[in-house]
2 protein chains.
Amino acid sequence: MPRRGQPTGPTGPVLGRALRLLDAFDAQRRELTLSELARRADMPLSTAHRLMNEFCAWGAVERTDKGLYRIGLRLWELGSLAPRGPGLRETALPFLEDLSLITRENVQLAVREGTEVVFVERIAGSGAVPVLTRVGGRFALTATGVGLVLLAHAPAEVQEEVLGSPIDRFTPKTVTDASQLRRMLADTRAKGFSVSDRQVTMDSLSVGAPIRDRHGEVVAAVSLVVRHGSTTPQALARLVRTSAQTISRALSA
Amino acid sequence: MPRRGQPTGPTGPVLGRALRLLDAFDAQRRELTLSELARRADMPLSTAHRLMNEFCAWGAVERTDKGLYRIGLRLWELGSLAPRGPGLRETALPFLEDLSLITRENVQLAVREGTEVVFVERIAGSGAVPVLTRVGGRFALTATGVGLVLLAHAPAEVQEEVLGSPIDRFTPKTVTDASQLRRMLADTRAKGFSVSDRQVTMDSLSVGAPIRDRHGEVVAAVSLVVRHGSTTPQALARLVRTSAQTISRALSA
DNA sequence: GTGGGCTTTCCGGAAAATGGAAGCCGTTAC
DNA sequence: GTAACGGCTTCCATTTTCCGGAAAGCCCAC
């Protein structure tokens with residue numbers, strides 16, 4: 001008679017475990033095998049298998065013809081109901097296009113989520129400097145043009161949390177000193193735009209401006225990313241601020 | 001001594017139940033109270049409460065200041081990893097913009113999911129005829145321009161399922177006869193574009209064309225939606241087919 | 001053939017899910 | 001003023017569903 005396994009208890013709520021599986025997906029790994037999923041979520045294969053089957057049945061994930069798992073359309077559909085405004089992306093898009101046509105540079109639209117910036121839309125300028133970010137991607141609040149804007153207008157407790165923790169460095173020019181960063185944030189609030197000079201990569205510069213809802217609260221930020229040295233921050237600031245202003249007005253309508 | 005409740009057994013897998021909660025959200029109801037969620041998902045409040053809390057903890061949903069639940073950014077982020085190509089939307093967007101600038105009409109980009117069409121991107125023409133669809137929304141495969149294209153190139157079993165079931169009628173002009181629809185699909189394949197003449201609303205006409213991946217397989221469709229009678233389908237077809245061709249080429253690169 | 005990696009199924013035992021009830025709000029009605 | 005109402009949250013005994021090791025399939029590469 002075969003020895004049957006002795007179940008060792010699970011260690012937490014089911015849903016949490018299941019959702020950890022979805023965390024395994026990111027921009028680099030859009031298609032994963034069951035084994036990879038189980039490994040990355042740190043759970044037995046059989047458990048992962050059962051859970052993924054349920055996700056599959058609902059349409060949260062689907063299987064490729066090769067048996068790999070990937071995020072399903074149902075999830076995308078649900079995600080598009082998320083309140084990035086409401087209607088922030090749709091409202092802003094035409095104006096971002098205008099900005100892109102005029103400058104032929106990279107245009108970015110982002111919101112804050114906790115202590116990170118999330119990129120909501122991005123238009124690549126033809127022949128512009130390449131940027132690291134991706135729609136749906138996250139980044140530190142402290143480095144980018146949009147990040148500085150969003151941090152400058154974030155609630156005090158968020159600012160404290162960000163400034164109180166070690167600050168990520170991406171280049172030699174990245175500002176990692178809290179008090180210097182505080183001055184930059186004050187400057188951003190005073191001038192109405194932010195400048196990130198070679199803080200993300202050594203050949204890029206970005207200028208961001210705040211987008212406000214009808215109550216005047218900052219809900220998003222727009223930025224231009226250009227090659228360092230190709231123009232002055234002030235010239236960009238005029239364009240970006242104007243665009244941000246226009247989008248704010250459209251949002252309130 | 002207080003009578004303690006007698007648990008009546010639940011009736012299914014946990015995850016399925018939890019995901020049913022998320023189904024309660026749609027374009028009309030983006031923010032819901034706990035009670036509404038429980039009602040729409042048909043489960044006790046306490047259960048719904050516990051599950052929603054877990055979703056909240058993970059970031060799938062968030063609570064407004066008034067206590068309402070809504071879809072969270074985390075879910076949007078995950079959703080943007082869904083395989084609408086890969087990179088279909090981002091690749092196609094500039095070309096859709098071109099099409100929109102030239103025609104000043106409505107431009108739509110859609111993919112097939114099962115027996116429905118899912119709209120991936122939509123650009124409203126200034127002053128163009130209003131359309132019912134929404135980004136992230138679904139519609140029958142049998143009525144719209146994009147739907148006809150996607151159905152025409154769908155696997156045989158999908159076509160059989162769609163044509164074998166009763167076909168939704170939206171206007172007096174909607175084609176609901178299976179054999180007539182079969183001829184339209186053959187025509188769409190032969191000509192390389194589809195025409196939906198007043199089949200969705202009595203004042204609109206749409207023309208769709210297929211977008212193919214590097215293997216020649218149809219992965220999406222693009223369409224123009226115009227006011228009925230404002231121009232001929234043939235004139236639109238030239239533009240739409242050209243655009244679809246260009247997007248297909250860009251996708252393969 | 002056979003070895004390895006990945007997937008799928010099985011099942012006894014136990015952890016985690018369940019939902020009625022009761023306690024808390026804030027708001028409206030009398 | 002207070003009673004009634006609707007919605008949210010917490011509690012806990014019961015038991016349903018989930019867990020995961022093991023073993024069996026599968027497929028490809030060597």
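By convention in this document, chain letters (A, B, ...) are assigned in the order of the sequence lines, proteins followed by strands, and residues within each chain are numbered from 1.
Between the C1' atom of D:dC19 and the CD atom of A:E54 lies a distance of 12 Å, rounded to the nearest Å. The distance from atom CZ of B:R17 to atom C1' of D:dC18 is 13 Å, rounded to the nearest whole Å. The CE-C1' distance, from A:M43 to C:dA15, rounds to 16 Å in whole Å. For the pair B:L21 CG and C:dG19 P, the interatomic distance rounds to 12 Å; values are reported in whole Å. The nearest whole Å value for the distance from the CE atom in A:M52 to the P atom in D:dC18 is 16 Å.
The neighbour count for A:R249 CZ, taken as heavy atoms of other residues, nucleotides or ligands under 6.0 Å away, does not exceed 12.
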Is there any protein nitrogen or oxygen under 3.5 Å from a nitrogen or oxygen in nucleotides 7-9 of chain D, and what are the pairs?
from, atom 1, to, atom 2, distance (Å)
D:dC8, OP1, B:L34, N, 3.2
D:dC8, OP2, B:S35, N, 2.7
D:dC8, OP2, B:S35, OG, 2.3
D:dT9, OP1, B:R63, NH1, 2.9
D:dT9, OP2, B:H49, NE2, 3.2
D:dT9, OP2, B:R63, NH1, 3.2
D:dT9, O5', B:H49, NE2, 3.3

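For residues 139-162 of chain A, every residue pair satisfying the side chain to side chain donor-acceptor pair (under 3.5 Å) rule, not counting sequence neighbours, is listed here: A:E160-A:R182.
Looking only at distances, no side-chain donor or acceptor of B:R29 sits under 3.5 Å from a matching main-chain atom of B:E31. A donor-acceptor distance shorter than 3.5 angstrom exists from the side chain of B:R122 to the backbone of B:T133, with no hydrogens or angles considered.
Under the salt bridge (Lys or Arg N to Asp or Glu O under 4.0 Å) criterion, B:E116 pairs with B:R138, not counting sequence neighbours.
Residue A:T47 has no polar side-chain atom (N or O) positioned under 4.0 Å from OP1 or OP2 of D:dC19. Applying the 4.0 Å criterion to OP1 and OP2 of C:dT9, one finds that A:R50 has every side-chain N and O outside that range.
Geometric assessment of A:R63 against the ring of A:Y69 yields a positive cation-pi assignment under the 6.0 Å and 45° thresholds.
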